[in-house]
J.: 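One structure, pasted below without further comment.
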Amino acid sequence: MKKLNLLLLFVLACFCVQAENGYDLWLRYLPVSNPVLLQQYKQQLVSPVVLGSSSTVSVIRTELASALKGLTGNAYTVSSSLTSTNTLIIGKADASKILSPLVTKEELKQLGEEGFILKAKPGKTIITGNTDVAVLYGLFHYLRLMQSNQPITNLNIISVPKLKLRMLNHWDNMNRTVERGYAGFSIWDWHRLPGFIDQRYIDYARANASIGINAVTLTNVNANALILTPAYLEKVKALADVFRPYGIKVFLTARFSAPIELARLKTADPLNEDVKAWWNNKANEIYSYIPDFGGFLVKANSEGQPGPQDYKRTHAEGANMLANAVAPHKGIVIWRAFVYAAENPVDRHKQAYDDFVPLDGKFNDNVMVQVKNGAIDFMPREPFHPLFGAMPKTPLMMEFQVTQEYLGQATNWVFLAPLFKEVLDADTYAKGKNSTVAKVIDGSLDNHALNGMTGVANIGTDINWCGHPMAQANWYALGRLAWNYNLSSDAIAEEWLRMTYSNDAAFVQSTKQIMLRSREIMVDYMNPIGLHHIMATGHHYGPGPWVSNLNRPEWNPVYYHKADSIGIGFNRTSTGSKAIEQYFPEVRKQWENIATCDEKYLLWFHHASWNHTMKSGRSLWNELCYKYNTGVDSVKWMQREWQKQQTKVDAQRFKEVSMLLNVQLEEAKWWRNACLLYFQTFSKQPIPSNYEQPDKTLDYYKSLRFPFAPGN
């Protein structure tokens, strides 16, 4: 019996070693299992040296030693002095006379402050750049190659980020709740800062640096002025000190009414001299704590937030007042374009364009206008925002949502790189063909020095950071595309899978297909054919196309689908709201004719008859039935494909994903049944008998309530 117990303990111990909880993200550094490849790696890694003495160099040295021990099984001593035996040399190009001859002045000039060079020749591999942070990025690229079992011989890589500001926006509140957060509480433990530095802050910084993210906004855009007080600035400073060696700058959200709330001024009018002086002094105070503070992110005059329009001033006047305050410190202001007003009866799709296009050229040089990828609100699919290409005198920053507010939250497996790419690759035709959204935001189309991309973070205190084990891929994709938007969704998925799960070729190929199809599958069972914003209100969990009782019309799903006895969809053509006229003519041609409109956006731009003939030959009603059922069937396919991977991934994460796919299937059925039953009350047509019929009534679905849904 004693021997049996010992055996069971041994087996259990082995299982625990192999179990994974996802905390390590894509930085697991597991042993290379291919013996031939492992031997090649070891031959390239004799006596590695890291040159320099900065805090970033210390990070490089620690990361390298940890990674090489994990990947090769050897404990390497990382030298700080060059010898003739070094085969891996890491450091700034000016750190050694040996490094300088290996790269040309022309190569270094094109790198800027963040680009890096990887070169491998017989006997020597160098990782270099013009700054220590650039070298850190180069190291993470090198380790990515090893983690994904790629060759590291004959390297000749020059990599320069496409965008200067590559950011995460945290919608974290001061009480540690997270608006639209589905992975636990905020990771910022304000109560124990500044004295207690959680290891999670360091690991967060490592993860961001590994994918090139160089800025973070710590606080919710629905801002709290408390963050600007000295007691909290001390805490922000502590985080900034942790992030600095990893090349990450801290930004804060500025509540426009802070002068009233903190200093008891009678106004927050941006043209008032006392208000200007208060913000100037506040900026000086912040920079005294954090010399490399990035600046402010501002949500103003939107969804009840205070702003310059409260004083009959423009967004430009409000932004410029703050921009003047941070300009002496080389700070910037990021002003969100997500604005719509309850008292404005104009189609919500049009309001940001109407507000901001007249202000083009009126913003200070250190202001960027941050524009959501679409004009409504992070929908599963929507056409690119018409502001892209319409403000040539103003740098526009892309805002994506990484957290899955409208995309299944933390229960649905949805890989967002295809959504990001769909928007970035879209052609605005602002200056003729190939005037892509990517070229607008990188500044190349209109010669802007400021440029950037941000994502609303999906990060919380859950052990795996992101709630759903597969949601980590969306954080990863945001960083990789912000560095290089030319990367394909396929390549990003493969990188992430190899580093986060397994290098097994069959596993990678099969699971990659799930990832690449997952967003389209979700669109099918949630918002097919251009339907949008038909989620339940408030928490946005599950379907609610029937909701019509909220005070603001644009918060009601019925505002967006406009179903009636004739048909369904929002007419935004010249005979409707005319929102389509905000796009350039070549873009309008894709969508304005109902007979030729890309069917992905049909109900976004047209109110179509229930009997409208689709390209499939089916009527619109039957196409809706087909799409919703195809979405459900495709989740079943995801389940089958995932079950095949059981022997290729750790048991813990396999089980977690399996359980969540079961949840996803039930939610897909819920969406299908609730939406078809509701829309059927208008179409008056049967759900074809070859499809699974709803097993509950419409009244049942309408009765569901979720008062404690997360993220609200």
Side-chain angles (χ1 to χ4, degrees), residues 52-60 92 111-116 129-137 140 161 163-170 172 187-188 190 193-194 197 201-202 204-219 227-254 279-298 322-335 364-368 370 395 397 449-454 457 479 482-483:
S53 57
S54 70
S55 58
T56 299
V57 168
S58 178
V59 163
I60 292 170
K92 286 193 299 183
L111 294 182
E113 293 187 352
E114 295 184 300
F116 59 82
N130 291 318
T131 65
D132 289 333
V133 169
V135 176
L136 177 63
Y137 293 145
F140 276 120
L163 297 163
K164 292 180 181 177
L165 193 63
R166 305 175 300 279
M167 177 182 265
L168 283 179
N169 288 172
H170 285 259
D172 293 25
I187 63 173
W188 318 129
W190 297 114
L193 282 165
I197 302 300
Y201 304 153
I202 298 166
Y204 168 85
R206 290 176 56 236
N208 277 332
S210 75
I211 52 177
I213 288 173
N214 65 359
V216 55
T217 305
L218 299 174
T219 44
I227 196 68
L228 302 178
T229 61
Y232 277 89
L233 291 177
E234 289 184 0
K235 300 171 188 289
V236 174
K237 176 188 183 302
L239 291 174
D241 291 345
V242 171
F243 298 161
R244 189 172 295 111
Y246 294 90
I248 299 168
K249 284 188 175 183
V250 164
F251 285 69
L252 293 175
T253 50
W279 280 109
N280 290 342
N281 291 333
K282 181 54 65 177
N284 292 338
E285 181 183 21
I286 294 171
Y287 281 96
S288 72
Y289 286 95
I290 311 161
D292 58 350
F293 177 64
F296 294 125
L297 170 65
V298 185
L322 291 172
N324 287 332
V326 299
H329 308 279
K330 299 183 180 179
I332 66 172
V333 168
I334 304 169
W335 195 269
N364 285 11
D365 290 343
N366 62 329
V367 175
M368 279 198 289
Q370 183 168 297
M397 183 169 177
L450 286 180
N451 56 67
M453 180 192 300
T454 192
W483 184 278

J.: Quick check: closest heavy atoms across Ala238 and Pro194, and the distance to 0.1 Å?
T.: CB-CB, 3.7 Å
J.: Can you name the salt bridge (charged side-chain N to carboxylate O under 4.0 Å, His left out) partners of Lys164, sequence neighbours left out?
T.: none
J.: Nearest 0.5 Å, please: how far is CD in Gln370 from CE in Met397?
T.: 5.0 Å
J.: Can you pull out every salt bridge (charged side-chain N to carboxylate O under 4.0 Å, His left out) where at least one residue sits in residues 280-289? Sequence neighbours excluded, please.
T.: Lys282-Glu285
J.: Does the side chain of Phe296 come within less than 4.5 Å of Val326's, by heavy atoms?
T.: yes
J.: Do Leu193 and Trp190 come within less than 4.5 Å of each other through their side chains, counting heavy atoms only?
T.: yes
J.: Taking the side chain as every heavy atom from C-beta outward, state whether Met368 and Trp335 have any pair of such atoms under 4.5 Å apart.
T.: no
J.: If you count heavy atoms of other groups shown closer than 6.0 angstrom to CG of Asn284, is the number above 12?
T.: yes
J.: Could you tell me which residues satisfy salt bridge (charged side-chain N to carboxylate O under 4.0 Å, His left out) with Lys235, sequence neighbours excluded, listed by chain and number?
T.: none
J.: Among all residues two or more places apart in sequence or in another chain, which pass the ring-ring contact (aromatic ring centres under 6.0 Å, His included) test with Tyr204?
T.: His170, Trp188, Phe243
J.: How would you list, by chain and number, every residue that makes a side-chain contact (heavy atoms from CB on, under 4.5 Å) with Ser55, sequence neighbours excluded?
T.: Pro245
J.: Could you tell me if the side chain of Phe251 sits less than 4.5 Å from the side chain of Leu165, heavy atoms only?
T.: yes
J.: Mind running side-chain contact (heavy atoms from CB on, under 4.5 Å) on Leu168 and Thr454 for me, showing each step along the way?
T.: CA-CA 5 Å; Leu168 283 179; Thr454 192; 5.5 Å; no
J.: Name all residues meeting the ring-ring contact (aromatic ring centres under 6.0 Å, His included) criterion together with Trp483; count only those two or more places apart in sequence or in a different chain, and write none if there are none.
T.: Phe116, Tyr137
J.: According to salt bridge (charged side-chain N to carboxylate O under 4.0 Å, His left out), who are the partners of Asp292, at least two apart in sequence or on a separate chain?
T.: Arg244
J.: Distance check, rounded to the nearest 0.5 Å: Ile286 atom CD1 versus Asn281 atom CG?
T.: 11.0 Å
J.: Run the side-chain contact (heavy atoms from CB on, under 4.5 Å) test against Val242 and tell me which residues pass, sequence neighbours left out.
T.: Ile197, Tyr201, Ile202
J.: With rounding to the nearest 0.5 Å, note down the distance linking CG in Leu233 to CD1 in Ile290.
T.: 6.5 Å
J.: Under the salt bridge (charged side-chain N to carboxylate O under 4.0 Å, His left out) rule, collect the residues that match up with Glu113, sequence neighbours excluded.
T.: none
J.: Could you name each residue pair satisfying salt bridge (charged side-chain N to carboxylate O under 4.0 Å, His left out) that touches residues 326-335, not counting sequence neighbours?
T.: none
J.: Compare every heavy atom of Gly212 with every heavy atom of Arg166, then report the nearest pair and how far apart it is.
T.: NE-O, 2.5 Å
J.: Using a 4.5 Å cut-off on heavy atoms from C-beta on, say whether the side chain of Thr253 contacts that of Val298.
T.: no
J.: Who pairs with Tyr287 by ring-ring contact (aromatic ring centres under 6.0 Å, His included), at least two apart in sequence or on another chain?
T.: Phe293, His329
J.: Please report the shortest heavy-atom distance between Trp279 and Ala254, naming the atom on each side.
T.: CH2-CB, 3.9 Å
J.: List the residues meeting side-chain contact (heavy atoms from CB on, under 4.5 Å) with Ala323, not counting sequence neighbours, and say none if there are none.
T.: Val333, Asn364, Asn366, Val367
J.: Evaluate the side-chain contact (heavy atoms from CB on, under 4.5 Å) criterion for residues Thr217 and Met167: first the C-alpha distance (whole Å), next the side-chain angles of each, then the deciding distance (0.1 Å), finally the verdict.
T.: CA-CA 8 Å; Thr217 305; Met167 177 182 265; 3.5 Å; yes
J.: Find the distance between OG1 (Thr56) and CG (Asp132) and round it off to the nearest 0.5 Å.
T.: 5.5 Å
J.: So if I apply the side chain to side chain contact (heavy atoms under 4.5 Å, CB included) rule between Thr219 and each of Asn169, Leu252, Leu228, which one comes out positive?
T.: Leu252
J.: Which heavy atom in Leu111 sits nearest to a heavy atom in Gly129, and how many Å separate them?
T.: CD1-CA, 4.0 Å
J.: Nearest 0.5 angstrom please: Asn214 CG to Asn208 CG, how far?
T.: 9.5 Å
J.: Please find the pair of heavy atoms, one from Lys92 and one from Asn130, that lie closest to each other, and give the distance.
T.: CD-O, 3.5 Å
J.: Any chance you could measure Thr229, atom OG1, to Ile227, atom CD1, to the nearest 0.5 Å?
T.: 7.5 Å
J.: Can you name the closest pair of heavy atoms from Gly294 and Lys249 and give their distance?
T.: CA-CD, 4.4 Å
